[in-house]
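See structure below.
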Amino acid sequence: MNLLLEAKSLLSERKNFLSSKVIDFKKNFNRSPKLVVVLVGSDPASVIYTSKKGAEAQAIGLEHETIQFEASTPPEVVREKILELNANPNVDGILIQRPLPTTYDLKEIIYWVDPSKDVDCFHPENVGKLYLGLEGLKPCTPFGVMELLKFYKISLEKKLACVIGRSDIVGKPMSALLLQANATVIQAHSKTKNLNELTKQSDILIVAAGKPGLIDHSYVKPGCIIVDVGIHRNSKNKVVGDVDFDSVQKEVQAITPVPGGVGPMTISVLIENTIKAAITRSTNKF
Ligand code: NAD
C-alpha cells in the first residue's frame, strides 16, 4: 500500500472553512445555524452516532438539539413534531436518525422533512436533484467519499469503479456521484453473481455491503483503490470495516482506514449541509 486515505488533514481544513462560514452567518443573522436530530427509540449505535453528530455540530459553532422519542411512539406523533420543526425559522437542518422502529414506513418518512432542511438528502426532490446533477443538499456519506478522493487527488475519469451495495443512503447515491465524475460504474449488490470477477477488474472499489471482512485479497486488482464504508464492532470490540484490511493492504495502491476514513467525513458533510441550508434559506448563496 502506498497511501492511507485518512480523513484527519482534510477534516481540519474543512473545520476551519465551516467554522468561518458559521461566524459570518452569526454576524449577518444574529444566530447560529441549527441542526435538530430526531431519534426514535434507543438503539445503542444510533445513540452513539447521534451524540457524535451533536458534539461535532457544537465544535463548529452550530446550535444543536436531539429530540428523543420512545420506540413505541406512533409515527403520527413524530410527524407532527417534524412539521413543527419544518415551520420553525430558527431550525435549518433536520435529520431523522435510522434505523427506525419497524412500525415506521420508510417510503412515507422521506416526505416528512422539508426539502430545504433535509440534510440527509432523502427527500425525493433532493434525490432527483442529485441524479440530475443540480445544486442542492448532498448525500452525506457518498459526498464525503468524493471529497476524500478529491483531497488525495485520485482521479475518477475513465476509471472502472465498482460500488458494492445499493442502499438509498450509500450505494445508489455513490454511483450517481461517481458517474457524474466520469467513472464507469458497476453497481453490485447481494444478488450479484460472481462478485469477485467484477471487483478484480475494477480500479476503484467502494464497499458498502454491511458485511465485516467481505472483501479480501482474492477480490482485488493489484494497484486498485479501496474505500471502505462499512462500520462494525468485531468480537474483540474493535471497530472494523467491510474490507479485510490486513489481507488487501499489500495489493492496493490506497485504502481508507476504519475508523478514521469515511465515518468522520459523513459527519463533516452533515454539518456542511446544515450551514448550507441555513445560508441558502436566508440568502440563496453559499
Ligand atoms: P444496507 O444494509 O442498507 O445495504 C447493504 C447493501 O449491500 C445492500 O444493497 C445489499 O444488496 C448489499 N450487499 C449485502 N451483502 C452483499 C454481498 N455479500 N455482496 C454484495 N452486496 C451485498 O447498508 P448501508 O446503510 O448502505 O450501510 C452499509 C455499511 O456502511 C454498513 O456497515 C453501515 O454501518 C456503514 N455505513 C457507514 C457510514 C459511515 O459514515 N461510514 C454511513 C452509512 C453506513
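Both ligands and their constituent atoms are indexed starting at 1 by order of listing.
Here K117 does not pair with D92 in a salt bridge; the nearest charged N to carboxylate O distance is not below 4.0 Å.
Taking only nitrogen or oxygen atoms, main chain and side chain alike, R166 reaches within less than 3.5 Å of ligand 1.
Counting protein heavy atoms only, atom 18 (N) of ligand 1 is closest to L214 CD1, 3.7 Å. When only non-hydrogen protein atoms are considered, atom 26 (O) of ligand 1 lies nearest to S167 OG, 2.5 Å. The shortest contact between atom 33 (C) of ligand 1 and any protein heavy atom is with I231 N, 4.3 Å. Scanning the protein heavy atoms around atom 37 (C) of ligand 1, the nearest turns out to be V229 O, 3.1 Å. The protein heavy-atom contact nearest to atom 21 (N) of ligand 1 is H189 C, 3.0 Å. Among all protein heavy atoms, the one lying closest to atom 11 (O) of ligand 1 is S190 N, 2.9 Å. Here the heavy atom of the protein found nearest to atom 7 (O) of ligand 1 is A209 CA, 3.2 Å. Counting protein heavy atoms only, atom 42 (C) of ligand 1 is closest to T141 OG1, 3.2 Å.
Within the 4.0 Å heavy-atom criterion, neither part of M265 lies near ligand 1.
The backbone N or O of G165 sits less than 3.5 Å from a side-chain atom of Q187, completing a donor-acceptor pair. The main-chain N or O of G61 is found under 3.5 Å from a side-chain atom of S32 such that the two form a donor-acceptor pair. For the pair D43 (side chain) and S46 (backbone), a donor-acceptor distance under 3.5 Å is present. Checking side-chain atoms of S51 against main-chain N and O of I48 turns up a donor-acceptor pair under 3.5 Å.
Side chains of T50 and T66: no donor on one and acceptor on the other come within 3.5 Å. Side chain to side chain, K159 and S155 meet the donor-acceptor criterion of an N or O pair below 3.5 Å.
Counting atoms of ligand 1 from 1 in the listed order, those under 4.0 Å from a heavy atom of A208 are 5 (C), 6 (C), 7 (O), 28 (C). In the vicinity of T266, heavy-atom distances shorter than 4.0 Å reach the ligand 1 atoms 39 (C), 40 (O). Listed by atom number, the atoms of ligand 1 under 4.0 Å from H232 heavy atoms are 32 (O). Of all atoms in ligand 1, numbered sequentially from 1 with element shown, those under 4.0 Å from a heavy atom of K211 are 15 (N). When each atom of ligand 1 is checked for a heavy atom of I169 under 4.0 Å away, the hits are 25 (O). Every atom of ligand 1 is numbered from 1 in the order shown, and the set under 4.0 Å from a heavy atom of V170 is 26 (O), 43 (C), 44 (C). Interface atoms of ligand 1 facing G165, defined by a heavy-atom separation under 4.0 Å, are 6 (C), 7 (O), 9 (O), 12 (C). Residue-ligand proximity, I164 to ligand 1, at heavy-atom distances under 4.0 Å covers atoms 20 (C), 21 (N).
The two residues N237 and R233 make their nearest non-hydrogen contact at O-NH1, 2.8 Å. Contact detail for L160 and Q201: the closest heavy-atom pair is CD2-O, 3.6 Å.
Taking a 4.0 Å cut-off on heavy atoms, V262 registers as neighbouring ligand 1.
Distance remark: protein heavy atom not present below 4.0 angstrom from atom 2 (O) of ligand 1.
Looking at residues two or more places apart in sequence or on another chain, you find no side chain to side chain donor-acceptor pair (under 3.5 Å) involving E76.
A side chain to side chain contact (heavy atoms under 4.5 Å, CB included) with I67 holds for exactly one of V37, L85, L39, I94; it is L85.
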